[in-house]
Amino acid sequence: MQKQAIFKITSQQLVADRIYELTCEGEQVLQMTNPGQFVHIKVGNFDDILLRRPLSIGDVNLNSKTFKMIYRVEGQGTTRLSKKVAGEEIDVLGPLGVGFPVEEARQGETALLVGGGIGVPPLYYLSKQLVERGVNVIHVLGFQSKKDVFYEEEFSKLGPTYVTTVDGTYGTKGFVTNAIESYKLECDLLYSCGPSPMLRVLNEKYKGQRAYLSLEERMGCGIGACFACVCHTSDDPEGTSYRKVCTDGPVFKVGEVVI
Amino acid sequence: MQKQAIFKITSQQLVADRIYELTCEGEQVLQMTNPGQFVHIKVGNFDDILLRRPLSIGDVNLNSKTFKMIYRVEGQGTTRLSKKVAGEEIDVLGPLGVGFPVEEARQGETALLVGGGIGVPPLYYLSKQLVERGVNVIHVLGFQSKKDVFYEEEFSKLGPTYVTTVDGTYGTKGFVTNAIESYKLECDLLYSCGPSPMLRVLNEKYKGQRAYLSLEERMGCGIGACFACVCHTSDDPEGTSYRKVCTDGPVFKVGEVVI
Amino acid sequence: MSRLSIELPGLSLKNPIMPASGCFGFGKEYAEFYDLDRLGAIMIKATTSEARFGNPTPRVAETTAGMLNAIGLQNPGLSGVLEQELPRLGQFDVPIIANVAGAKMEDYIEVAKKLSRSPYVAALELNISCPNVKQGGIAFGTIPEVAAELTAAVKQVSTKPVYVKLSPNVSDIVAMAKAVEAAGADGLSMINTLLGMRIDLKTRKPILANGAGGLSGPAIKPVAIRMIHQVSQVVSIPIIGMGGVQTVEDVIEMMLAGASAVAIGTANFVDPYICPRLIEELPAKLDELGINDVRELIGGSWREPCSVR
Amino acid sequence: MSRLSIELPGLSLKNPIMPASGCFGFGKEYAEFYDLDRLGAIMIKATTSEARFGNPTPRVAETTAGMLNAIGLQNPGLSGVLEQELPRLGQFDVPIIANVAGAKMEDYIEVAKKLSRSPYVAALELNISCPNVKQGGIAFGTIPEVAAELTAAVKQVSTKPVYVKLSPNVSDIVAMAKAVEAAGADGLSMINTLLGMRIDLKTRKPILANGAGGLSGPAIKPVAIRMIHQVSQVVSIPIIGMGGVQTVEDVIEMMLAGASAVAIGTANFVDPYICPRLIEELPAKLDELGINDVRELIGGSWREPCSVR
Ligand SMILES: Cc1cc2nc3c(=O)[nH]c(=O)nc-3n(C[C@H](O)[C@H](O)[C@H](O)COP(=O)(O)OP(=O)(O)OC[C@H]3O[C@@H](n4cnc5c(N)ncnc54)[C@H](O)[C@@H]3O)c2cc1C
Ligand SMILES: Cc1cc2nc3c(=O)[nH]c(=O)nc-3n(C[C@H](O)[C@H](O)[C@H](O)COP(=O)(O)OP(=O)(O)OC[C@H]3O[C@@H](n4cnc5c(N)ncnc54)[C@H](O)[C@@H]3O)c2cc1C
Ligand SMILES: Cc1cc2nc3c(=O)[nH]c(=O)nc-3n(C[C@H](O)[C@H](O)[C@H](O)COP(=O)(O)O)c2cc1C
Ligand SMILES: Cc1cc2nc3c(=O)[nH]c(=O)nc-3n(C[C@H](O)[C@H](O)[C@H](O)COP(=O)(O)O)c2cc1C
Ligand code: FES
Ligand code: FES
């Protein structure tokens, strides 16, 4: 299966402070059917930034063969990526990994989608698929501050959407868990993606339930060959059993791996 | 004196096989009055190609504040440079070095300008200045093959122009010296730029005459600080006396340095 | 023999290009991208006697034109490799070079002995140079006498040719090479990674959980070329070269330096098709340089021209 | 004292940034670009007892994110430096660190003795690590005992503090550092270049006329960071760090690793204004990271926070 291809950038725009939305077009998009998967991007043609960068698939349009990534400018790689403009080409490896199990949610059930910061993007494509299946979705999106908030409107169109900010400049003050508690949000399933401290809390809170968490880890190959991205399994936390975030994940069932 | 500046590329075009003509605009052009000087170019903003590349000033237009470089795609640096298009910016250090002594040629005298390959470009700006001073110019331009020939027409407008090709596919077959001999070209002064073997022959042939040769050497800094580009002086060929091609040259009087 | 093929102790290579150890897992993942039969050989990930989890994450970090890794030799252990990985790889028609690692001499001996007896293994690569294992590893790779002792011990138990993989983190690479040659090594593979570090400005801690890690990628190529150039002139065993190779030009440069074959590590992560792509590009590049047979390149920077060895 | 200033043996630095030896000549050329008074210090080109022409050309070659050089310590010799270069540089209000090189111990002693007595010299940098001189140089830089002996001998004749410049081409940088510290070094400067090579595919010869040369630039930064991190934790003398620094982030990373000041080499060739530019950018970067005083950074990756030394 051909997994690497040159895509064409159709648009790039700033959607919040240092947050960009990048849309690309290519045949490979037809394989991007599982939300929560990611792509491994070569951010430039130059050797100074050597390794690819993993970015989640944020939204997919199978008709126009385009997909969106939403990313925050962090370091050199994302800085250079943010300089690309429509019409330029980009080398995309993917879709990679195992995404969220959409099929676990049945029609009429309620799914809580909890995202933190740059963990928010994959939840959008997920939410769209869930809604299509007749699942009720509730979104809780956590950000640092008002200036960091993105995609609130888009999510609101799919279901109730609660935004939290750590500094209280927008929405509920505090963490996503504060919103879940204050609004007593109940659900049949939980899907989440975000920073490890957040996932760790959810991993505890939703233990034994139908909850799925998407992890981040620094990656080398992105395809399972280099062993850069492994984590311990919960049943053998000090031992040699492991999962690779890039191929076994990034999405794991709650309680499966040590976060 | 500010010597480094960002120029704007106004055009880039292919003028022969792998030979590009690049025109740039910037204030610094006003200082580019001495033909035979060069600029030190940062070919990209990326760190994989780190060092600057030296290129001769091929032509200057003080009115439009533009200058031309004519270069051959050799390796990585010039390959990347050739990808730049009009409108892009380019980091130029220069003008650098000591060029051809135009003032040595008096009105009515005849100057022979001998160029080999990518040594041809600086002779064009030189020839224009000489013609302006009322000096008669004769050009001998040596290339490998027909496909490599460039600027013949431009030079022809300034004075008689003999082209040689090593493989005989165009003009006189052989080296520039073959043309000088077969056409019995006489001169009051010689100006030359080209590969070392050619310069070595001319250095011998025009010993003691008013002849000026422009050397090439791999460079680091281009401004005299790193000692990458030194050559021995002819009067102390094994000793410690030296000239720096980047600041004492690239143009030297015949017999001054060991080539 | 084709113009690309190379004969080395234990290895009949269709072409001189192979993936480097640790950068290709046990082949499974890349087999989804292309037919592994196209490769000259495959150097599989280091095997230790027991399964290892390796180091805590983060295990990789970016550097200019390179990367740092501190995987810590994660692998399924001898039995996992012998029973699962090798039989799976064995279906391909490509020589397998098994990378042997350990903390103590006895570990190396056990692993070498058993791996060499696998019908799927064509040769061993003795990894005395992994910078990411705390005990043992370093000493084996930096003290000629210790490296020689280990090499001799492994040679005694191995039924297959043994290539010793040298560390570049030494004062005198020539002394290391001569020592392991004298101890019976059938070939060398060089270089492993340089020891490096990156520090995160915000956390103020090294990015790698392990602190330091191995630097690989184009950044280190000049060091690899220099060491291969030095060593190939003083030993008579062949060298499999590696370190920053990304293009056919790099392959040729490394062979001119003195390598008889070339392995590609980090570049697999950048372009999963890099190995077959370079194999495909090689003949045209040889034509361009007027070279008939790839063997003419070996040591071309210091040998008299035209003597194919 | 300003938030950028640093006090080191013999050196009162306005800021921690200075050009590295060999990459700034004797200052003359860069003085045409900016006022040298802005620099923390200046490390001048190596001085040997007699004038040297250095190696044949080509003396530099390109590598990915780096460069190779084999200048071969070209310099006007002790008398030229003492009589012409130093008095010219002396007009600036900036400490001068004189780089001392030689082939034999006696050379070093003579040069160190005389240079240290120049009123324009604030400190010596003992270059025991230049990879580009054939005799002597290498041994001094790779054998701890020899380096210690040389350091002690130079300390005995020098009237100024002595910083010993370490080579990265060693198996054990910590042993080297400890040896020269014990022998009386007042500080260390590290790292010099890694030994590397490039080969021209057409000529089949090394690009540098000298064959091998010293690798510098961003490619080597992780090696520098690692070595400074290791060494700074086991010695109590300060380190002037260098190797691939190009940005204020690099400066800070190197200080967090353990450097007390940072020198910039190759980057001067890329951007002649690099030193004053980084000095200018530093305060804003410190603000961004919430750091009051640049001294808080030194060793920040391994020291307990807040203990400014
Ligand atoms: C499966 C997966 C999906 C991701 N999806 C998104 C997304 O949709 N939007 C988004 O903004 N970011 C996402 N990230 C994080 C993103 O990969 C990093 O922010 C980005 O690579 C930083 O690169 P940089 O060069 O700008 O920063 P640098 O700090 O220079 O990064 C250098 C290296 O660190 C790695 N790295 C840095 N931060 C992270 C991180 N948080 N997680 C993993 N690797 C990291 C990079 O891969 C790179 O190798 C995702 C990460 C993973 C693993
Ligand atoms: C004063 C001077 C003026 C020059 N003027 C011109 C010109 O007008 N047109 C033109 O086409 N070329 C000119 N050259 C040669 C030009 O600098 C090289 O062809 C170019 O740098 C090759 O770079 P590359 O990265 O493409 O090739 P690579 O082979 O990758 O070059 C790598 C390095 O080699 C150096 N280098 C390679 N070839 C030469 C060479 N012949 N002379 C000096 N350094 C070299 C480069 O500076 C660079 O550092 C001039 C050189 C000098 C010294
Ligand atoms: C992620 C990673 C893992 C590695 N694991 C091993 C290993 O297990 N055994 C080994 O001998 N070398 C290992 N290496 C070293 C490579 O085989 C190779 O020697 C080195 O990376 C230089 O080549 P490169 O620049 O092409 O990557 C590893 C390198 C990387 C980048
Ligand atoms: C062209 C050149 C010449 C150098 N000459 C000297 C020298 O004379 N003495 C010395 O101690 N180091 C010398 N060095 C080493 C530098 O001072 C510095 O240690 C090394 O280049 C690493 O720093 P960088 O990566 O910032 O260049 C030289 C480096 C270069 C590139
Ligand atoms: S990133 Fe290489 S195994 Fe996951
Ligand atoms: S190129 Fe640096 S001195 Fe001439």
Side-chain angles (χ1 to χ4, degrees), chain C residues 61 63-68 131 138 141-143 167-173 176 194-206 211-213 215 217-230 244 246 249-250 252-257 285 288-289 297 300-303 305, chain D residues 61 63-68 131 138 141-143 167-173 176 194-206 211-213 215 217-230 244 246 249-250 252-257 285 288-289 297 300-303 305:
Chain C
T63 73
T64 309
M67 67 175 282
L68 291 170
I138 290 297
T142 55
I143 304 170
S167 164
N169 303 294
V170 296
S171 310
D172 187 352
I173 192 77
M176 290 298 303
L194 282 164
L195 259 178
M197 181 182 281
R198 283 288 317 276
I199 293 167
D200 185 307
L201 300 197
K202 285 183 199 140
T203 64
R204 295 181 154 215
K205 296 276 159 260
L215 179 65
I220 70 167
K221 199 190 74 177
V223 175
I225 297 286
R226 185 264 297 183
M227 289 187 162
I228 293 166
H229 179 87
Q230 277 185 299
Q246 293 215 111
E249 285 83 3
D250 295 340
I252 291 172
E253 186 177 355
M254 202 164 263
M255 294 188 73
L256 287 174
K285 194 73 201 178
E288 191 187 317
L289 292 168
L297 294 169
S301 62
W302 50 265
R303 265 190 313 107
Chain D
T63 73
T64 309
M67 67 175 281
L68 292 170
I138 288 297
T142 55
I143 305 170
S167 164
N169 303 294
V170 296
S171 310
D172 188 352
I173 191 78
M176 288 298 302
L194 283 163
L195 258 178
M197 182 182 281
R198 284 288 317 277
I199 294 167
D200 185 306
L201 301 196
K202 284 183 201 141
T203 65
R204 294 180 154 216
K205 295 279 160 259
L215 179 64
I220 70 167
K221 198 190 73 177
V223 176
I225 298 285
R226 185 265 294 183
M227 290 189 163
I228 292 167
H229 179 87
Q230 277 184 298
Q246 292 216 111
E249 286 82 3
D250 295 340
I252 291 172
E253 186 177 356
M254 201 162 265
M255 294 189 74
L256 287 174
K285 193 74 201 177
E288 191 187 317
L289 293 168
L297 294 169
S301 62
W302 51 264
R303 263 190 315 106

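What you see below is based on every heavy atom in this structure, not just the backbone, and it leaves out hydrogens, waters and symmetry mates. Throughout, protein chains are lettered first and strands after them, A, B, ... in sequence-line order, and every chain is numbered starting at 1.
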At a 4.5 Å cut-off on heavy atoms, which part of Ile199(C) comes close to chain D: side chain, backbone, both, or neither? both
Heavy-atom distance under 4.5 Å to chain D: side chain of Leu68(C), backbone, both or neither? side chain
Can you name the nearest heavy-atom pair linking Asn169(D) to Ser167(D), along with the distance? N-OG, 3.0 Å
Heavy-atom closest pair, residues Gly141(C) and Met176(C): O-CE, 3.3 Å
Could you tell me which residues satisfy side chain to side chain contact (heavy atoms under 4.5 Å, CB included) with Glu288(C), sequence neighbours excluded, listed by chain and number? Lys285(C)
Any side-chain heavy atom of Met254(C) sitting closer than 4.5 Å to one from Ile225(C)? yes
Under the side chain to side chain donor-acceptor pair (under 3.5 Å) test, which residues partner Ser301(D), sequence neighbours left out? His229(D)
Residue among Gly217(D), Gly66(D), Ala219(D), Pro168(D) with most heavy-atom pairs under 4.5 Å to chain C: Ala219(D)
Proximity breakdown for Leu256(D) and chain C, heavy-atom pairs closer than 4.5 Å: both
What residue, out of Gly300(C), Gly211(C), Ser171(C), Ala65(C), has the most heavy-atom pairs lying under 4.5 Å from chain D? Ser171(C)
Among Asp200(C), Thr64(C), Thr63(C), Leu201(C), the residue with the most heavy-atom pairs under 4.5 Å to chain D is Leu201(C)
